[in-house]
There are 2 protein chains.
Amino acid sequence: MPDPTLLEMAIESAGRRLTRPRRAVAALIDARDGAFSAADLVADARGQRLGIGRATIFRAIELLAEIGALERIDLPTGDHAYVPCGPAHHHHVVCRRCSRSVEIGDLGLAALARDIARKTGYRIDEHRLELFGLCPDCRRVGAPA
Amino acid sequence: MPDPTLLEMAIESAGRRLTRPRRAVAALIDARDGAFSAADLVADARGQRLGIGRATIFRAIELLAEIGALERIDLPTGDHAYVPCGPAHHHHVVCRRCSRSVEIGDLGLAALARDIARKTGYRIDEHRLELFGLCPDCRRVGAPA
DNA sequence: CTCCGATTCGAGATCGGGTATCATTCGGAG
DNA sequence: CTCCGAATGATACCCGATCTCGAATCGGAG
């Protein structure tokens with residue numbers, strides 16, 4: 001197994017077993033380069049006749065999300081998708097056509113959250129910012145939708 | 001029908017029929033004062049022996065969301081919930097204990113989005129910011145969780 | 001007020017993402 | 001190499017949400 005991927009290393013350094021099915025799921029995710037749904041991975045696995053069980057794929061996604069190598073985002077449609085990402089606090093910009101996403105840093109949001117906390121009296125524990133649009137490639141190629 | 005509620009007026013002014021089941025759903029929502037799930041409304045309706053069909057409740061929610069009187073938010077758990085709200089662009093702060101929510105204005109987010117667009121090259125069409133925490137009441141009452 | 005067509009409803013089937021169960025297999029520490 | 005708990009996979013199941021379709025309702029025209 002040359003060239004252990006980032007996802008594989010993340011699993012290992014989290015002290016979880018690096019099993020064949022998990023490697024396979026990691027490979028599927030790497031092959032995707034963008035946000036994907038659980039159903040996408042299930043379809044990919046079936047298409048490649050990997051003998052990966054449906055439940056295993058969901059469990060692998062759950063695991064990767066737990067260790068912070070994956071994050072669930074909520075599409076404007078209400079569907080769930082997942083994006084691979086690093087451990088630091090950040091947010092995502094997702095292309096609504098090709099699903100490629102980039103991470104962006106905090107960008108002053110923490111300060112904004114504090115501001116909101118002060119104004120509303122709420123204690124803010126958690127926030128989520130998601131941005132959707134067209135990536136540079138899709139802007140060029142497609143109609144400006 | 002004295003005292004037409006905001007939700008009912010929203011339906012009417014959108015040119016949609018103001019039917020009895022829709023009024024009933026609007027009343028259920030008004031009685032809730034906070035974020036709720038579709039399942040909550042279904043349970044409420046059953047509890048009150050309103051003869052409202054399941055599908056009708058979902059359709060009413062969909063309608064209210066379409067006309068902007070309701071907005072779907074995505075809880076950190078991945079579940080969907082809905083909050084009644086006005087038509088202007090805004091975001092929500094939701095109490096994770098009692099589900100009461102307050103709207104907050106744009107607060108410079110549009111500018112932030114423009115900034116992000118410039119940095120990433122994406123064309124940002126849509127963004128969503130959701131904040132979760134404890135409302136003032138729940139801060140006082142409960143343990144500081 | 002009455003009538004009529006379009007809209008909306010209600011009941012139930014169905015769909016699809018996600019989870020639970022459980023016997024079997026596997027990773028990897030020792 | 002052995003061994004045991006973690007992980008797997010097949011399957012059944014759960015539940016939120018949607019689809020279908022005949023029946024009931026709404027509300028504007030007359």
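Computed over heavy atoms, backbone and side chain alike; hydrogens, waters and symmetry mates excluded. By convention in this document, chain letters (A, B, ...) are assigned in the order of the sequence lines, proteins followed by strands, and residues within each chain are numbered from 1.
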Answer with base, sugar-phosphate or nothing: what part of the nucleic acid does B/Arg59 contact at a heavy-atom distance below 4.0 Å? base
Across the strands shown, which category fits B/Gly78 at heavy-atom distances under 4.0 angstrom: base, sugar-phosphate, nothing? nothing
Could you label the plane-to-plane angle of the A/His127 and A/His89 rings as parallel, tilted or perpendicular, counting under 30° as parallel and over 60° as perpendicular? perpendicular
Tell me what B/Thr19 touches on the nucleic acid: a base, only sugar-phosphate, or nothing, going by heavy atoms under 4.0 Å. sugar-phosphate
For A/Arg54, which contact category applies under a 4.0 Å heavy-atom criterion: base, sugar-phosphate, or nothing? base
Would you indicate what A/Arg16 reaches in the nucleic acid, counting non-hydrogen atoms under 4.0 angstrom: base, sugar-phosphate, or nothing? sugar-phosphate
Under a 4.0 Å heavy-atom cutoff, the residues of residues 27-44 of chain A touching DNA chain C are A/Ala38, A/Ala39
Comparing nearest nucleotides in DNA chain D, the 5'-proximal residue of the pair B/Phe58, B/Arg20 is B/Phe58
Check whether any side-chain nitrogen or oxygen of A/His80 sits under 4.0 Å from OP1 or OP2 of C/dG18, and answer yes or no. yes
Between A/Asp74 (CG) and C/dG18 (P), how many Å, whole number? 10 Å
Taking atom P of C/dG16 as reference, at what distance in whole Å does atom CD1 of A/Ile57 sit? 17 Å
Please find the earliest and latest nucleotides of DNA chain D, in the 5' to 3' direction, that have an atom within less than 4.0 Å of any heavy atom of chain B. D/dG16 to D/dG27
Side chain to side chain donor-acceptor pair (under 3.5 Å) pairs touching residues 51-71 of chain B, sequence neighbours excluded, are B/Arg16-B/Glu66
